[in-house]
Visitor: 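Here it is, the structure, as structure tokens.
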Amino acid sequence: MTKRSASDGPIRVGVIGARGRVGAEVCLAVDEAEDLALVASVDEGDALTTLTDARAEVVVDFTHPDVVMDTLEFCVANGIHAVVGTSGFDTARLDVLAGWLSDKPELGLLVAPNFAIGAVLSMRFAEIAAKYYESAEVIELHHPRKADAPSGTAAHTARLITQAREAAGMAAMPDATTQEADGARGNLVGDVRVHSLRIAGLVAHQEVVFGTEGETLTLRHDSLHRKSFMPGVLLAVRSILDHPGLAVGLDKYMDL
Ligand SMILES: NC(=O)C1=CN([C@@H]2O[C@H](COP(=O)(O)OP(=O)(O)OC[C@H]3O[C@@H](n4cnc5c(N)ncnc54)[C@H](OP(=O)(O)O)[C@@H]3O)[C@@H](O)[C@H]2O)C=CC1
Ligand SMILES: O=C(O)C1=N[C@H](C(=O)O)C[C@H](O)C1
């Protein structure tokens, strides 16, 4: 793959999930950006060859956890960089992606649990705070049409906190619960309890609650509109050509 230069013109972008809640916003944002060209809009029922026919250089995927892996296999096989917002990535899936990329080291593949800049910062702040507090739990609140629980952002946040606590050699969190109704204490991701709310009228929100003797710290982020994800998506599309390999989290493309 030869290096791209400014004289090559706008970056050719394909959007997958283009008629969805987030994908439709991505199409608008790409269309409005002078340095980007929306060359393909793909949704359920459309052939992925639409992307290769349109010579897309970068795809942005906001679809569904059940379909995203097949799409990414197609992109990697066809040398298309991928910016992925779709949730549902666990370690096993990330390992599969890394395996595919081993034959295509020049390709960039970003899996970002959340593109809102405040959410990225909030995850970083949670990672920093983790070693100072005995207790930490995550509450994520989303619109009721969301397919997956817990959210990708909450799972990623919980893993970051778990890793930071492990690195600091912290003891288990205090919790005297011995009798528990199913789900009452949430879902355990790593060492962290995650509680998922689905409420009509909401978009995407998260609180991370830390506590220790005599004080608590609450980190809260609110996406009030899906436009909140667009600056991060555009940053990723513009950066991915210079970031070969698999990256998890938009922070990998930021100066954090
Ligand atoms: N990382 C981030 O910052 C964010 C991530 N997300 C994640 O993005 C994903 C999409 O969210 P959202 O936009 O709300 O969901 P939507 O259901 O509104 O959009 C998904 C779109 O993908 C389409 N689709 C389904 N299957 C395919 C397929 N095989 N090929 C192409 N398109 C397909 C759907 O079509 P149809 O409706 O006909 O099935 C729909 O138009 C979710 O996993 C969500 O968690 C959401 C917001 C931010
Ligand atoms: O489905 C959503 O809406 C969102 N999904 C992502 C997630 O699972 O974390 C990102 C954001 O929370 C919105």
Side-chain angles (χ1 to χ4, degrees), residues 1 4 8-89 93-94 96-101 103-104 106-116 143 145-148 151-152 203-204 223 225-241 243-248 250 253:
M1 190 179 285
R4 203 178 192 288
D8 293 331
I11 300 170
R12 301 173 67 80
V13 182
V15 176
I16 315 180
R19 289 196 296 270
R21 286 179 288 270
V22 184
E25 291 291 346
V26 176
C27 290
L28 289 175
V30 170
D31 225 15
E32 283 170 8
E34 284 184 5
D35 58 334
L36 309 178
L38 180 64
V39 296
S41 303
V42 174
D43 206 275
E44 169 116 61
D46 298 331
L48 289 173
T49 48
T50 308
L51 300 163
T52 39
D53 291 347
R55 292 185 295 112
E57 297 168 271
V58 179
V59 302
V60 180
D61 186 297
F62 282 91
T63 54
H64 193 284
D66 293 349
V67 301
V68 65
M69 292 301 279
D70 287 347
T71 307
L72 294 180
E73 189 169 19
F74 175 89
C75 291
V76 173
N78 286 282
I80 306 173
H81 304 273
V83 169
V84 184
T86 303
S87 48
F89 283 88
R93 282 190 168 204
L94 295 172
V96 171
L97 297 184
W100 291 340
L101 279 182
D103 291 338
K104 299 272 176 95
E106 71 285 1
L107 264 193
L109 212 165
L110 171 68
V111 176
N114 203 310
F115 283 97
H143 59 94
R145 284 181 292 180
K146 183 166 178 55
D148 55 314
S151 72
V203 177
S223 271
H225 192 285
R226 291 179 178 85
K227 287 200 185 306
S228 62
F229 305 116
M230 295 309 117
V233 170
L234 296 185
L235 168 70
V237 170
R238 291 177 175 128
S239 308
I240 196 163
L241 300 169
H243 288 82
L246 176 64
V248 180
L250 184 63
Y253 287 16

Visitor: Quick one: does His81's side chain have a donor or acceptor within less than 3.5 Å of a partner on Gly108's backbone?
Guide: yes
Visitor: Measure the OG1-CG distance between Thr50 and Asp43 for me, rounded to the nearest 0.5 Å.
Guide: 11.0 Å
Visitor: Side chains of Asn78 and Thr52: donor-acceptor distance under 3.5 Å anywhere?
Guide: no
Visitor: Looking only at non-hydrogen atoms, find the nearest pair between Ala40 and Ala54 and report the distance.
Guide: CB-CB, 4.0 Å
Visitor: What heavy-atom pair brings Ala247 and Tyr253 nearest, and what distance separates the two atoms?
Guide: CB-CE1, 3.9 Å
Visitor: Can you give me the closest heavy-atom contact between Leu109 and Leu97, atom names plus distance?
Guide: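 Closest approach of Leu109 to Leu97: CD2-CD1, 4.1 Å.
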Visitor: Please find the pair of heavy atoms, one from Leu110 and one from Ile240, that lie closest to each other, and give the distance.
Guide: N-CD1, 4.0 Å
Visitor: Do Phe62 and Val233 come within less than 4.5 Å of each other through their side chains, counting heavy atoms only?
Guide: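 Yes, close enough: below the 4.5 Å cut-off.
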Visitor: Using every non-hydrogen atom in the two residues, find where Gly88 and Arg93 come nearest and quote the distance to one decimal.
Guide: O-CD, 3.4 Å
Visitor: I'd like to know if the side chain of Arg55 and the backbone of Arg12 have a donor-acceptor N/O pair within less than 3.5 Å.
Guide: no
Visitor: Taking C-beta and beyond as the side chain, do Val203 and Arg226 meet within less than 4.5 Å on heavy atoms?
Guide: yes
Visitor: I need the Asp53 CG to Leu48 CG distance, nearest 0.5 Å.
Guide: 11.0 Å
Visitor: I want to check something: taking the side chain as every heavy atom from C-beta on, are Phe229 and Leu250 in contact at a cut-off of under 4.5 Å?
Guide: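 Heavy-atom side-chain distance check fails, nothing below 4.5 Å.
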Visitor: Show me the donor-acceptor pairs within less than 3.5 Å that the side chains of residues 16-28 make with the rest of the protein, sequence neighbours left out.
Guide:
residue: Glu25; atom: OE1; partner: Lys227; partner atom: NZ; Å: 2.8

Visitor: Could you tell me whether the side chain of Leu36 reaches within less than 4.5 Å of the side chain of Arg238, counting heavy atoms only?
Guide: yes
Visitor: Of all the heavy-atom pairs spanning Ser223 and Ala116, show the shortest one and how long it is.
Guide: OG-CB, 3.8 Å
Visitor: Taking the side chain as everything from C-beta on, heavy atoms only, tell me whether Val30 gets closer than 4.5 Å to Leu234.
Guide: yes
Visitor: Check residues 68-75 and write down every donor-acceptor pair under 3.5 Å in which the side-chain atom is one partner and the other belongs to a residue at least two apart or another chain.
Guide:
residue: Thr71; atom: OG1; partner: Val67; partner atom: O; Å: 3.2

